[in-house]
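These values consider heavy atoms only, across backbone and side chains, with no hydrogens, waters or symmetry-generated copies. Naming convention: chains lettered A, B, ... in sequence-line order (proteins, then strands); numbering from 1 in each chain. Computed from a predicted structure; not experimentally measured.
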Amino acid sequence: MKLVASCALSALAAVAVLVGTQTAALHAADGEVRVLNWKGWGTDEPWAIEAFEKETGLKVVHDYITSFPETFTKLRVNPGYYDVVVLNAAFTQQAAAEGLIQPIDTSTIANFGVLFPDLRDSPELNIDGSNFGVVWMWGGTSVSYNTDVFPEPPTSLEVLWDPKYANRVCWRDDAEDSVRFAALATGQDPDKPADMDKIREKLLALKPQIKALWKSGDEWLKLVSAKECDLSTVWTNNTEAAAVQDKLPISFIVAKEGAIAFRDAMSIAKDAPNVKGAEAFINYMVSVPFYQGWVKVGGAPVSANKEAIEQLPESSLTRTVLAAPEALPRLNFKGPLTDEQRQSYLDLWQEVKASFAQ
Amino acid sequence: MMKKSLSGLSLAYLLLVLGFIYLPIVIMTAMAFNESSSYALPFRFSTKWFEQLASNDILLRAGWNSVLLAAANTVVATVLGTMTAIAFARYTFRGKVLLQILLFPPIAIPWLILATAMLIFFFYSGIGRGLHAMLLAHVALSLPYVIVIVGARLQSFGTDLEEAAATLGASPLQTFFRVTLPTIAPGVMAAALFAFGISFDQFVTSYFLSPPGVTTLPVEIYASIRKGFTPEINAISAIIILVSMLLLLAVSRFYRFAGNS
Amino acid sequence: MSTVEIRGVSKRYGSVAALDDVSLEFADGEFFGLLGPSGSGKTTLLRSIAGFVEPDRGSIHVGGEEIARVPIYRRDIGMVFQNYALFPHMSVSDNIAFGLSVRGIGREEIRARVEDALKLVRLEGYGERRPRQLSGGQQQRVALARAVVSRPRVLLLDEPLGALDKNLRQQMQIELKQIQRLVGITTVLVTHDQEEALTLSDRIAVFNQGRVIQAGTPGEIYDSPRSAFVADFMGEANFFIGRVARRQGDEMQIVLDDGAAVMASGPSRLAENAAVRLVVRPEKMSISASEASIPPHHANRLAATVEQVVFMGSSITYRLNCAGAEVSVYQQNQDPPRAAEGGAVWISWRATDTIPVDD
Amino acid sequence: MARQGRSIFALTVPTFLWLTVAVVLPITVMFYFSFLSASPFGTKPASLTLDNYATFFTKDFYSFLAWRSIKLGLLVAALCALIGFPAALVLSHRLSGYWREALLLLVILPFWSNALIRIFAWTMVLREQGLVDQAVHAVLPWAPSVGILYSYPAIVIGLVHSFLPYMILTCYISLQAIDPSLVDAARGLGARDHTILRRIILPLSFPGLAVGAILTFVPVVGAFMEPRILGGRQGITMGTVIEDQFTEVFNWPLGAALSFILLGIVLAILALCYPLLRARFRLG
């Protein structure tokens, strides 16, 4: 009986402490910048937060997502809570249309001028003359290969379908990327593929090749560490991080058919409680010193800041392979998709996966 | 067969099953001492993940939050669940079948869908997010398990003992605490251990219902998977398992909950 | 210690009447047996007194107090369950002490009273054992000690000896009776075993289909059953069917279906020419090899054929065919057997041993 | 009756209210969503429709996956029972005192560790060059490499591991309540071990076995994490398909409709078994 009683008491104490922590967390809103982003995606680097807080006296609080649709859910159920939101540029229009983010006064962002104009002023971000997102980073989704298996880098996406590498491909379990890769491999426009049957055929043909379908960067890293894959479809910056930080024999290509590229932009949430702080944070995030720091710890994608790019070491894969002048034209930046497209891509990809399992 | 002697074969079997259950736990712990951040082999001993953990305030605080939340969940779910299990086992009443059916959705509907539904409903009903909402969710998810586990135990006993206690002058409360509870204690304790586990490893609902800035261990772990989580997670998991193991083994020295021999 | 009055108690489960207008009174200190086949309502009545069953109609008074609104735990009863219902997680002493400790009685007094109770049931030294470590008879005694230790107003026994084997059961019957006499608590026993009821009870009520068929002392019930059911349920009975031919005061002459005449003596409401069923207990009958050797005071005599002779030790059971009806006769094992199987004999009995019963 | 009514009320109302607020009302909202033509809160106007439910029947691979998930659930529940019941029997009737308590605790405790980490630990065991592979080669150096990671068996192993504690526990609770004297009595009557097991122990412990099977089967049907990480190209299940509707395309209506279909199938299977179990073993 005593045991039960003491358990009950400690649990009550626990509830009290919990409620206390929580109220503290909700009320310390002044002087904060609240950021919604993936965990470990730059904005929460400890040294960066320290530098920013020291410079501005503002405190940075993070909340994390694990998928883009979640960003929308979180913005909807926490109106007036977030300040800065990191969004893939392909989603910015949708967020603006739903009134979840607000236009940014770019004059307050000192570094706005040194961003690559092509990226900065693209129609995905600059909607009807208003900037709803400040382009921040870009990167690629491409084919990475084991450098021990491939003394010479492969050149074509077809290597993924090469029977020599049957059961050695780790494919990103993502409907949109899968369709885009298949579109590239079948010579179609990845934004508007005309022949979906061809894409289905191509993806179905992957069956003997696939070792694993991975979903999170963590899963992929563990696969590569265990030498499960000779080839994989993966983000370029993850490949570089694996090569630099984990010393894995790995590199990536921009295939002759092309590679997929993404742009992430920073937006300010509608009714953000601290717009000034948000602007300051965005300005810091697109600054040279931030990028310098991120490159140093490794795993950084490519900055949208023209000057910051220079901070990449000459030898970095990102610089020599992805941002190489001859590769740039082959990059296909992801354009926005309609909901119908996303749904049909997912249906297709699920159907393909179901046939993998048969 | 019922002799309390342990033949070599049955002991060997039990150890085999335990080995199966513990294999991943041992590996998890071993990787906490491996230098590689991505479980890469060969094994190189290192305590660096424990050192990093010691200075990782976010992870430590998340771990502490998880323990508190799980403890609160354990008490609430065990008390409510035991009460309901008793009502199920001892009475027939209108609405019993309805209530029994209500126990299925938390088990059968994927937690992801439940969590989304909770988020929407809590948001619009004004319950909001926060630890109270997480507790609300965790208890709801634990209740079916507590009720079936305690119910299985209750079913093994008739009502005789309770009737006997009543005729001896014990009030319903006295009967419960001095007769029913000790009799079903093994089931209640086991249910409590499960309730703790369900909350402690509960990611989806915690994730959806935690307000920004308040996280639990599973939330931290899952949020890290885009970039990759480091064996600090293994380290904190290993510590928690080890501490709870020692704690419970110590408690079981003094308190019988596996039943009367 | 109290009287128990049951007035017009009824209880229905759906369309089945478990108790149908039952009225009984148990005197202070009386040992009262409720006897009947399973489903006859005796257990329902016991559980109504205990409080597990709420009657639909009628009232139950204990010591003059209406107890319908009194919760079980304040009814001040002791009960022994068929399977004893000992608390497995408590020692024998703790089991016995339970009723005292929930009443908030002091530790010292509890200890003393538990000691006394253990002595009463001859289990000194077993206090620290667990119920599982005791034999069936010992568990039964613990259950009894537990039920009486708090000196309840009424002791309820629900088939208390049903789980014991025959020898132990007979021994426990004697002990139970002794203990009950010693503590003097009004006791209600439910049993389906007529022998147990007869041995233990001061008075007995026979139940059938939710009604009390007959209540009285064991002697009354056995010797003067008012119905065929009671006669049949309480021991063995030989039945004869006939018609009242002549009646004079308490004397009646009955003509059986096969034409033989039988005398009955005793108060009766039967009119001449009424159809009647007669009961004669097997041990009241004698067997004679010839008509001449029939005891002179036996007014009734019938010819019969021996079909089977069963040697029972202290007695011998004869199964006979008497004008197509089967008749059993018990004789003391004193004289040499009076008949062999297949032999023609005479059976005879006194007029006062002929009992007319209702159907 | 009034007194009893009050007890029932007091015992069940907190749970009833709790489940209503935390589960029933949210699920009702979700159920409503499953009839919408577009996600709520989106930019598109939503109208009521049955299309989401119809989708299940128009696309072949949904029924293929539902059937696959149910087979997986049955297989895992059966394996858990096969492995867990004897272990529970040893725990409950061959051990006593401190060791029984300690070993029972040891069975439940791993359940407190993070599922994701447990699953990743399994990848290290099951892959080529993994623990199993190396152990086999230590004994049989010439054997071909045995990597069963990224296959259907790997999914089954991972799920059995996740749910085995439920089964052992529920069986243990029922077994522990069996009076040893019953078994002694049966032995006294000349019954052999397997007869005792079949005629006494199994029927008496059946409630635990049944509850364990339900607690295993039901969640396995909706499982997505173990299949996805351990199954490789075998990893698609009804659970992952539903998960994707929520996390990839924000199609709550379809995701909800698919979950309710799955829930319906699961409840139908349990309802089919229920009279059978009830009649034979007085379950519930």
Side-chain angles (χ1 to χ4, degrees), chain B residues 1-2 4 6 10 13-14 17-18 21 23-25 27-28 39 80 83-84 86-87 91 93 99 102 104-110 112-113 116-118 120-121 136-137 139-140 143 148 152-153 155-156 186-187 190 193 197 200-201 218 221 233-234 237 241 244-245 248-249 252 258-259 261, chain D residues 8 11-12 14-16 18-19 22-23 25-27 29-30 83 86-87 90 93-97 100-102 104-106 108-118 121-122 124-125 169-170 173-174 176-177 180 183 193 196 207-208 211 218-219 222 239 242-243 246 256 259 263 266-267:
Chain B
M1 176 141 233
M2 287 296 169
K4 299 271 171 176
L6 191 61
S10 32
Y13 180 75
L14 196 59
V17 171
L18 272 175
I21 291 175
L23 192 56
I25 307 293
I27 288 175
M28 174 195 88
Y39 297 179
L80 294 189
M83 281 161 55
T84 308
I86 287 172
Y91 302 109
F93 51 95
L99 194 48
L102 283 191
F104 276 104
I107 308 177
I109 297 186
L112 178 76
I113 285 99
T116 312
M118 285 172 178
I120 301 295
F121 178 74
L136 202 58
V139 170
L143 271 174
V148 290
R153 177 78 187 177
Q155 240 163 40
S156 316
L193 294 179
F200 198 67
D201 187 26
I221 293 173
I233 304 280
N234 295 46
S237 301
I241 286 278
S244 35
M245 197 182 281
L248 284 170
L249 288 183
S252 70
S261 36
Chain D
I8 294 168
L11 286 174
T12 55
T15 297
F16 193 80
W18 201 293
L19 287 177
V23 177
L25 291 176
I27 284 295
V29 173
M30 206 36 105
I83 299 170
V90 174
H93 283 117
R94 293 285 178 102
L95 285 168
S96 57
R100 188 165 71 168
E101 329 248 321
L104 186 68
L105 274 178
L106 286 183
I108 302 176
L109 258 186
F111 185 71
W112 290 17
S113 63
N114 184 271
L116 196 61
I117 296 181
R118 285 202 306 261
W122 272 114
M124 307 212 39
V125 177
L169 186 77
T170 53
I173 291 168
S174 279
Q176 204 271 323
V183 179
D193 277 0
I196 293 177
V211 165
V218 175
I242 293 170
E243 182 202 9
F246 277 81
S259 319
L263 178 66
V266 166
L267 286 179

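- Among Leu106(D), Leu263(D), Val218(D), the residue making the largest number of heavy-atom pairs under 4.5 Å with chain B is Leu106(D).
- By number of non-hydrogen pairs under 4.5 angstrom with chain D, the leading residue of Phe121(B), Phe200(B), Phe93(B) is Phe121(B).
- The contact between Leu136(B) and chain D is made by backbone and side chain atoms together, counting heavy-atom distances below 4.5 Å.
- For Ile108(D), the part lying near chain B is the side chain, with the backbone staying farther off; criterion is any non-hydrogen pair under 4.5 Å.
- Taking all atoms of both residues into account, the shortest heavy-atom contact from Ala121(D) to Pro24(B) is CB-O, 3.4 Å.
- For the options Leu267(D), Ile242(D), Leu169(D), heavy-atom pairs under 4.5 Å to chain B are most numerous at Leu169(D).
- Between chain D and the options Val17(B), Thr116(B), Asn234(B), the largest number of non-hydrogen pairs under 4.5 Å is found for Thr116(B).
- Among all heavy-atom pairs drawn from Ile241(B) and Leu109(D), the shortest one is CD1-O, 3.7 Å.
- Both the backbone and the side chain of Ile83(D) have a heavy atom closer than 4.5 Å to some heavy atom of chain B.
- Across every non-hydrogen atom of Thr15(D) and Leu80(B), the tightest pair is OG1-O, 3.3 Å.
- Both the backbone and the side chain of Ile233(B) come within contact range of chain D, with heavy atoms under 4.5 Å apart.
- Proximity to chain B is limited to the side chain of Leu19(D), based on heavy atoms less than 4.5 angstrom apart.
- For the set Asp201(B), Ile25(B), Leu18(B), Ile107(B), the entry with the most heavy-atom pairs within less than 4.5 Å of chain D is Asp201(B).
- In this structure Trp112(D) satisfies the ring pair (Phe, Tyr, Trp, His ring centres under 6.0 Å) test together with Phe196(B), sequence neighbours excluded.
- Atom CD1 of Ile117(D) and atom OG of Ser237(B) lie 3.5 Å apart (nearest 0.5 Å).
- Looking at heavy atoms from C-beta onward, Ile120(B) lies out of side-chain contact with Pro26(D) at the 4.5 angstrom threshold.
- Considering only residues two or more places apart in sequence or on other chains, Tyr13(B) meets the ring pair (Phe, Tyr, Trp, His ring centres under 6.0 Å) condition with none of them.
- Considering only heavy atoms from C-beta on, Thr84(B) stays 4.5 Å or farther from Phe16(D) through its side chain.
- From Leu193(B), atom CG reaches atom CZ of Phe111(D) across 10.0 Å, with rounding to the nearest 0.5 Å.
- Taking CE of Met118(B) as the reference point, atom CD1 of Ile27(D) lies at 7.5 Å (rounded to 0.5 Å).
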| message | Run Leu11(D) and Tyr91(B) through side-chain contact (heavy atoms from CB on, under 4.5 Å) and show every step you take. | response | CA-CA 11 Å; Leu11(D) 286 174; Tyr91(B) 302 109; 3.9 Å; yes
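- The CE atom of Met245(B) sits 9.5 Å away from atom CG of Leu105(D), with the distance rounded to the nearest 0.5 Å.
- The choice from Leu25(D), Val266(D), Asn114(D), Thr170(D) that makes the most heavy-atom pairs within less than 4.5 Å of chain B is Asn114(D).
- For chain D, the nearby part of Leu143(B) is the side chain; its heavy atoms alone come within less than 4.5 Å.
- For Ile21(B), the parts lying near chain D are the backbone and the side chain together; criterion is any non-hydrogen pair under 4.5 Å.
- No other option in Gly222(D), Pro14(D), Pro110(D) has as many heavy-atom pairs under 4.5 Å with chain B as Pro110(D).
- The two atoms that bring Thr12(D) and Ala87(B) nearest to each other are CG2-CB, 3.4 Å, heavy atoms only.
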